[in-house]
Every structure is written in C-alpha cells, then in structure tokens.
2 protein chains.
Amino acid sequence: MAKRKPQSRTECPVERSVDIIGDEWSLLLIRDAFDGLRRFGEFQKNLGVAKNILATRLRHLVAHGILEVVPASDGSAFHDYVLTPKGRDLFQVLVGLRQWGEHHCFQPNEARSVLVDTEQGRPVRAMEVRSESGRPLTSTDTVVKKVSEKKPRSKR
Amino acid sequence: MAKRKPQSRTECPVERSVDIIGDEWSLLLIRDAFDGLRRFGEFQKNLGVAKNILATRLRHLVAHGILEVVPASDGSAFHDYVLTPKGRDLFQVLVGLRQWGEHHCFQPNEARSVLVDTEQGRPVRAMEVRSESGRPLTSTDTVVKKVSEKKPRSKR
DNA sequence: CCAATTTGGTTTCAAAATGAAACCACCCGG
DNA sequence: CCGGGTGGTTTCATTTTGAAACCAAATTGG
C-alpha cells in the first residue's frame, strides 16, 4: 500500500492523497463509513473483503487519522471505526467519484443510488470548481503552479 | 485491476468509479494527463513506473474511454495519450484529492504545488457540495437513497 | 542512405500483495 | 459456564507487481 519513494515527499498534493487513499478497498471503506457503517463485521459483510485485508486497511486508515477507534455505540466491549474530521473532509472526493460514476458508468435508465440533501430529499448539485472570484472553471482554465520553496521572508 | 464481481454491477456510482480508476497508478496517470503529459516516455519518466505496468494501465484507461490514442502532436509516427471528455470530467475528483492533500498532508510551511486559475493566477476556491437550492452541505446533511428500479411508468 | 540511438513497448522471472480458510481469544446471552 | 458471535491473526496458495532484458519500428546523425 503506497510504498513508493517514502523518502522524497512529493510536493504534489494529489500524489500525497493518492499515496494514502488511492486504493480500491480504502476508498470503499471510506464510502461505507460515510454511509454509517461502524463495525468490523459490517464492513466485512458489506464489502465481502477477506478479514486479513480488512484488518490491514482499517489499521492503515486509523494510522493516517482518517478513521478512529471508539467504544462501540451499542455499549458492548467491542469498538467502532468512525470517520475523524480529516476523514469527513474526504466528502468532496467521494462526491466527485459518485457524480462521475453517475454520469459515465451507467446506462441512461439503469438503477443507481443517489445522494440527496436530507432536508429536502432532492439530489445534490453537481460540484463545480470555481475561481477565487467565483467563475466556474474547467481543467483548461487552470494550471498547476510549482512552488519550489516557501517564501524565505517577505521584503516588505 | 478491479476484478471484484464482474457479474453483479453494483448500483453504487462510487463503486463503479473506484472499480475503474481506484488505483494509485491510474489516478497519477490521470493527474499527469491533466498536467499536459502525452507520451508514453513522458509518463514513464515522470512517474518512474515500470514500463510493463505503464503499458497495462494506459491500455486500461484507453479501454474505459478515459484516455484516447491520437497521432503525435509533434508530427512523428508515434502517438499521444490524451484525455477524452469522459476523462476530463474527472477534474472534480482530482481537485478534490488535491484540496484534501493540501489541507491534510502538508506541514503549514511546507512547499507544495497549487492549482491556479490561469486567467487571474489566483488559487481556485475550495470545492463545495451544495443542495439543489444552493445551500452548502456537509456529509451529515446528505444521505444515499437506494433506487431499486427505474420508475416503471409514471401514473400521470 | 546507413548506422546508431530513441521510443514504445513485450517477455521473463523473482518478490510482494492478495485472498481464502483455518484457527483462536474474547465477549455476550442464556 | 456453555455455545455462538465478534474481531481478529496465521498460514499458505494464487495473483499482481516490478525490474531487467529483450526487441521492432521510428528517428537522428553523418
């Protein structure tokens, strides 16, 4: 799981994210956590993943502060895995994957689950990337600016 | 690469997306394609990936309509790999990964690349999930609604 | 036009990751 | 205090990965 160059930390934020959560099981575990699954057995049953793999991935996500282990909500001596604030901040990533899948991975009339606003029960809007001034942007309107060093000290 | 249950197509759009692009190399290849890399050798040099793995992943992305093979832009007999419209629609996913990485995978003063609006040169806004009515939503404001079948026919 | 080099792969093989199954300790309910 | 459920770990066969060698077609230098 993400063993590439542990020495040279890349300056690309996409790559740092992908190194942590860029694998199938981690992403599906995070999806399930957003869906409210908490227990080892729930994840295992829902994903059909081998228990050793599941244990490895849960440890990985806990180690990276995406999930945390808390006392079970049912009062038993077991424990739950729940999203931390850092984990919940992956919401946009999961919504992005969902909306792309909705748009590109289904036949027009094929059944699919849909993310709705709890309050209104209506599907959420398509996410947009916007400039600082609020203008919607496509990928061709943007560019990655490399920052070699933090500004040593401002001259003024 | 995504060999899980090829028979039962899940109704979860997140899972369908993850089955296609939920691996480290695919996501990094897509990032590089957004950055304008086109040639086999460019990807290979930039990622440091083994050539057999790169060939497999490029074939996979082409097979799924995310990249396409086009005549080389330099007029040579080689060819380029470029994002299709379907591939460009992954922009929000990549921006989501980038913004999460920026926020959670760097020390405050650590050097990082940044995505800017080409026109203004200013960093893009944080992406937001919004309700149909425009209200910003967090994960706790939303729920996944399972849709078992397409509406057979409207009664009215 | 020919030789050398570059490009874009494929093949081969060892090492690593995955996954199924067996095993096991602890908790819980009766 | 017994039987089953929960949450793992261990073992081992299979699959995937990756490094390196190899190779054909295209390009470049002379």
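Not measured: the values here are computed from a predicted model. A note on names: the letters A, B, ... follow the listed sequences, proteins ahead of strands, and every chain is numbered from 1.
- Within the model, atoms CG of B:L90 and CG of B:L61 stand 9.0 Å from one another, a figure rounded to the nearest 0.5 Å.
- Distance alone, capped at 3.5 Å, is enough to place a donor-acceptor pair between the B:Q99 side chain and the B:M127 backbone.
- Atom CG of B:L58 is separated from atom C1' of C:dG9 by 11 Å (rounded to the nearest Å).
- The interatomic distance linking B:E24 (CD) with D:dT17 (P) rounds to 11 Å, in whole Å.
- Residues B:R31 and A:E15 are paired through a salt bridge, judged by an N-O separation under 4.0 Å between the basic side chain and the carboxylate.
- For the residue pair A:S113/A:R98, the side-chain donor-acceptor check at 3.5 Å is satisfied.
- Regarding contacts with the backbone of C:dT10, a side-chain N or O of B:R59 is found under 4.0 angstrom from either OP1 or OP2.
- Whole-Å rounding puts the B:N52 CG to D:dC23 C1' distance at 15 Å.
- Within 4.0 Å of B:F43, counting heavy atoms only, lies no atom of the nucleic acid at all.
- Atom CD in A:E42 sits roughly 16 Å away from atom C1' in D:dG8 (whole-Å rounding).
- Evaluation of the ring-ring contact (aromatic ring centres under 6.0 Å, His included) rule for B:H103 yields no partner, not counting sequence neighbours.
- An OP1 or OP2 oxygen of D:dT17 is reached within less than 4.0 angstrom by a side-chain nitrogen or oxygen of B:R57.
- For C:dT18, the OP1/OP2 oxygens have no side-chain nitrogen or oxygen of A:W25 closer than 4.0 Å.
- Atom P of nucleotide D:dT27 and atom CG of B:D74 are separated by 8 Å, given to the nearest angstrom.
- Following rounding to the nearest Å, A:D23 (CG) and C:dA16 (C1') show an atom-to-atom distance of 15 Å.
- Taking the six-membered ring for Trp and thresholds of 30 and 60 degrees, B:H79 and B:Y81 have ring planes more than 60 degrees apart, a perpendicular arrangement.
- Residue B:R39 places at least one side-chain N or O under 4.0 Å from the OP1 or OP2 atom of C:dG8.
- Distances shown here put every side-chain N or O of B:H79 at or beyond 4.0 Å from the OP1 or OP2 atom of D:dA26.
- Atom-to-atom, NE2 of B:H60 to P of D:dT16 comes out at 13 Å; the value is rounded to the nearest Å.
- Annotation: the span from B:R112 atom CZ to A:R16 atom CZ amounts to 8.0 Å, rounded to 0.5 Å.
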Between the protein and nucleotides 24-30 of chain C, list every N/O to N/O distance that falls short of 3.5 Å.
| from | atom 1 | to | atom 2 | distance (Å) |
| --- | --- | --- | --- | --- |
| C:dC28 | OP1 | A:A77 | N | 2.6 |

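- With rounding to whole Å, A:K45 atom NZ is found 19 Å from D:dG8 atom C1'.
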